[in-house]
Q: 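First, the structure itself, so that you have it in front of you.
Letters A, B, ... mirror the listed sequences (proteins, then strands); counts begin at 1. Since we're looking at a predicted model, the values are computed, not measured.
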Number of protein chains: 2
Amino acid sequence: MKIGELAARTGASVRSIRHYEEEGLLRAERGPNRYRDFGEPAVERVQRIRVLLRNGFTIDEIRSVAVDLDDTNLGSVCADVVRLYVAKLAELDARIAEMRALQRRIRGRLGEIERQRTAT
Amino acid sequence: MKIGELAARTGASVRSIRHYEEEGLLRAERGPNRYRDFGEPAVERVQRIRVLLRNGFTIDEIRSVAVDLDDTNLGSVCADVVRLYVAKLAELDARIAEMRALQRRIRGRLGEIERQRTAT
DNA sequence: GTAAACCCTCACGCCGGTGGCAGAGTCAAG
DNA sequence: CTTGACTCTGCCACCGGCGTGAGGGTTTAC
């Protein structure tokens with residue numbers, strides 16, 4: 001499929017997809033007209049890349065776990081990848097805890113505002 | 001306190017703190033020697049700014065809820081602030097759910113790697 | 001056969017910093 | 001009274017993950 005279709009099906013912008021390819025996270029065939037041609041698995045691959053990006057992985061880190069982006073090729077990861085995963089799990093724990101605390105603060109604040117609005 | 005101490009106590013860089021002040025998130029007295037002079041509450045204020053930044057608020061948004069950064073001055077927020085808070089709560093919900101799903105995926109992957117390592 | 005829609009590359013801009021540098025003032029200790 | 005650590009303003013440049021636009025080629029639909 002061409003880049004526009006991949007963009008539409010993943011929610012990523014065309015620009016982002018080109019960026020992922022430039023950065024080596026994604027591979028594309030090229031026809032005689034230099035257009036990128038992506039296979040079906042690229043859809044899930046892009047979605048997974050975006051989930052990782054939203055949650056604290058950098059492009060470089062994603063490249064290092066690239067083998068895990070497809071469901072083929074399971075196995076054959078090095079100790080570095082394992083260490084990265086373990087570190088990211090801890091990071092995610094911390095971020096989740098922080099977000100929860102922030103939610104509590106905001107909810108508390110909204111409650112106060114509501115009480116103030118009602119109590120007059 | 002002077003900017004260096006505030007930086008040390010909050011973990012923010014001196015540069016960042018100047019940036020927050022320029023952006024109007026933070027106020028500082030100035031002595032006769034143009035040095036910034038922060039009060040004790042600035043410590044918590046900077047920490048709160050950083051929590052918000054890490055969790056999806058932009059500088060502009062933080063400025064708009066600036067009145068809520070201190071524990072004084074509660075009350076007198078406009079409807080825009082309430083809308084922002086409500087939207088951010090939903091965003092945080094989504095982000096937390098996604099992070100949990102990602103954790104599950106990573107844990108699953110780590111489990112597979114472990115099984116593979118053990119089963120040979 | 002032409003207009004719209006798509007694709008290409010190149011290259012600059014944004015945000016929330018972070019760093020560095022210059023040139024200068026200030027403060028505390030020896 | 002000097003030395004070193006700190007502070008000030010102002011500027012320029014970098015990062016990542018894109019957005020945006022220029023200037024061009026290709027494909028598709030009428």
Side-chain angles (χ1 to χ4, degrees), chain A residues 1-39 42 45-66 69 84 88 91 95 98-99 102, chain B residues 1-39 42-43 45-66 69 84 88 91 95 98 102:
Chain A
M1 88 196 68
K2 285 186 288 182
I3 198 169
E5 188 185 342
L6 182 57
R9 289 179 58 190
T10 57
S13 69
V14 169
R15 181 67 176 86
S16 298
I17 292 173
R18 283 203 267 255
H19 188 54
Y20 302 156
E21 196 216 4
E22 279 168 23
E23 293 289 339
L25 304 185
L26 215 49
R27 230 160 292 169
E29 305 290 308
R30 298 285 186 133
N33 55 0
R34 320 191 36 85
Y35 283 16
R36 291 170 183 84
D37 180 18
F38 297 93
R45 197 171 167 99
V46 168
Q47 284 164 348
R48 285 179 180 171
I49 289 169
R50 311 207 94 224
V51 167
L52 292 175
L53 279 176
R54 270 198 301 277
N55 292 289
F57 283 66
T58 66
I59 296 252
D60 285 355
E61 287 169 343
I62 296 173
R63 193 171 25 241
S64 80
V65 301
L69 287 175
L84 180 57
K88 286 297 176 181
E91 260 182 46
R95 296 294 311 278
E98 192 174 76
M99 287 188 176
L102 182 54
Chain B
M1 91 196 66
K2 285 186 288 180
I3 198 169
E5 188 185 341
L6 183 57
R9 288 179 59 188
T10 57
S13 68
V14 169
R15 195 74 168 67
S16 299
I17 292 174
R18 282 204 267 252
H19 189 50
Y20 302 154
E21 196 215 4
E22 280 167 23
E23 293 290 340
L25 305 186
L26 213 50
R27 229 159 293 169
E29 304 290 310
R30 300 286 187 132
N33 53 1
R34 318 192 36 86
Y35 284 16
R36 290 171 183 83
D37 180 18
F38 298 94
V43 175
R45 196 170 168 101
V46 168
Q47 283 162 350
R48 283 178 181 172
I49 289 169
R50 294 177 74 75
V51 167
L52 293 175
L53 280 176
R54 271 198 302 276
N55 291 289
F57 283 65
T58 66
I59 296 254
D60 285 355
E61 287 170 341
I62 296 173
R63 193 171 23 242
S64 80
V65 301
L69 287 175
L84 179 59
K88 288 296 176 179
E91 259 183 46
R95 298 294 312 278
E98 193 173 74
L102 181 56

Q: Output the rounded distance in Å from CD (E29(A)) to C1' (dC7(C)).
A: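 In whole Å, dC7(C) C1' lies 17 Å from E29(A) CD.
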
Q: Could you tell me how far apart L26(A) (CG) and dC18(D) (P) are, to the nearest whole angstrom?
A: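 Nearest whole value for this atom pair: 12 Å.
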
Q: Taking the side chain of S16(A) as heavy atoms from C-beta outward, which of dG19(D), dT7(D), dG16(C) is closest to it?
A: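 It is dG19(D).
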
Q: Has R18(A) got a side-chain N or O lying under 4.0 Å from the OP1 or OP2 atom of dG19(D)?
A: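 No.
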
Q: NA contact type, R54(A), heavy-atom cut-off 4.0 Å: base, sugar-phosphate, or nothing?
A: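 R54(A): no heavy atom of the nucleic acid under 4.0 Å.
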
Q: Whole Å only: how far is the NZ atom of K2(B) from the C1' atom of dC27(C)?
A: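 From K2(B) NZ to dC27(C) C1': 7 Å.
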
Q: Between R36(B) and dT7(D), is there a side-chain N or O to OP1/OP2 distance below 4.0 Å?
A: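 So the side-chain polar atoms of R36(B) never come under 4.0 Å of the phosphate oxygens OP1 or OP2 of dT7(D).
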
Q: If you count heavy atoms of other groups shown closer than 6.0 angstrom to CZ of R27(A), is the number above 12?
A: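 Count not over threshold, so no.
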
Q: Atom CD1 of I17(A) to atom P of dC6(C): distance rounded to whole Å?
A: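 In whole Å, dC6(C) P and I17(A) CD1 are 14 Å from each other.
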
Q: Just to confirm, is there a sub-4.0 Å distance from OP1 or OP2 of dT18(C) to any side-chain nitrogen or oxygen of S13(B)?
A: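 Checking S13(B) against dT18(C): at least one side-chain N or O falls below 4.0 Å of OP1 or OP2.
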
Q: Evaluate the side-chain proximity of T10(A) to I17(A): yes if any heavy-atom separation is below 4.5 Å, no if none is.
A: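 The answer is yes; the side chains approach within 4.5 Å.
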
Q: Check E91(B) with R95(B), please: is the shortest side-chain N to carboxylate O separation under 4.0 Å?
A: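 No.
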
Q: Return yes if the base of dG16(C) and the side-chain atoms of Y20(B) contain a donor-acceptor N/O pair under 3.5 Å, otherwise no.
A: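 Between dG16(C) and Y20(B), which were checked side chain against base, a qualifying N/O pair under 3.5 Å is absent.
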
Q: Could you state the atom-to-atom distance from NE2 of H19(B) to C1' of dG16(C) in whole Å?
A: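 Between C1' of dG16(C) and NE2 of H19(B): 5 Å.
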
Q: Rounded to whole Å, how long is the line connecting atom CD1 of I3(A) with atom P of dT9(C)?
A: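 Spelled out: CD1 on I3(A) to P on dT9(C) is 9 Å.
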
Q: Where the side chain of Y35(A) is defined as all heavy atoms beyond and including C-beta, which of dT27(D), dG16(C), dC6(D) is the nearest nucleotide?
A: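 Per side-chain heavy atoms of Y35(A), the pick is dT27(D).
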
Q: Choosing from dT9(C), dC18(D), dG16(C), which nucleotide comes nearest the side chain of R34(A)?
A: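 Of the candidates, dT9(C) comes closest.
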
Q: I want to check one thing: is the phosphate of dT26(D), taken as OP1 and OP2, less than 4.0 Å away from some side-chain N or O of R30(A)?
A: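 R30(A) to dT26(D) OP1/OP2: no side-chain N or O under 4.0 Å.
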
Q: Name the residue from I3(A), L26(A), V14(A) that meets the side-chain contact (heavy atoms from CB on, under 4.5 Å) definition with R36(A).
A: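 Among I3(A), L26(A), V14(A), the one meeting side-chain contact (heavy atoms from CB on, under 4.5 Å) with R36(A) is I3(A).
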
Q: To the nearest Å, give me how far apart CE (M1(B)) and P (dC6(D)) are.
A: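 It is 16 Å, rounded to the nearest whole Å.
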
Q: Answer with base, sugar-phosphate or nothing: what part of the nucleic acid does R15(A) contact at a heavy-atom distance below 4.0 Å?
A: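 Counting heavy atoms under 4.0 Å across all strands, the contact made by R15(A) includes a base.
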
Q: Round to the nearest Å and state the distance from I62(A) atom CD1 to dG16(D) atom P.
A: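 Roughly 13 Å, once rounded to whole Å.
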
Q: Donor-acceptor pair, distance only, cut-off 3.5 Å: does the side chain of D37(B) make one with the backbone of R30(B)?
A: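 Looks like no, no N/O pair under 3.5 Å.
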
Q: For dC27(C) and N33(B) - does any side-chain N or O of the residue sit under 4.0 Å from the phosphate oxygens OP1/OP2?
A: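 Yes, within the criterion.
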
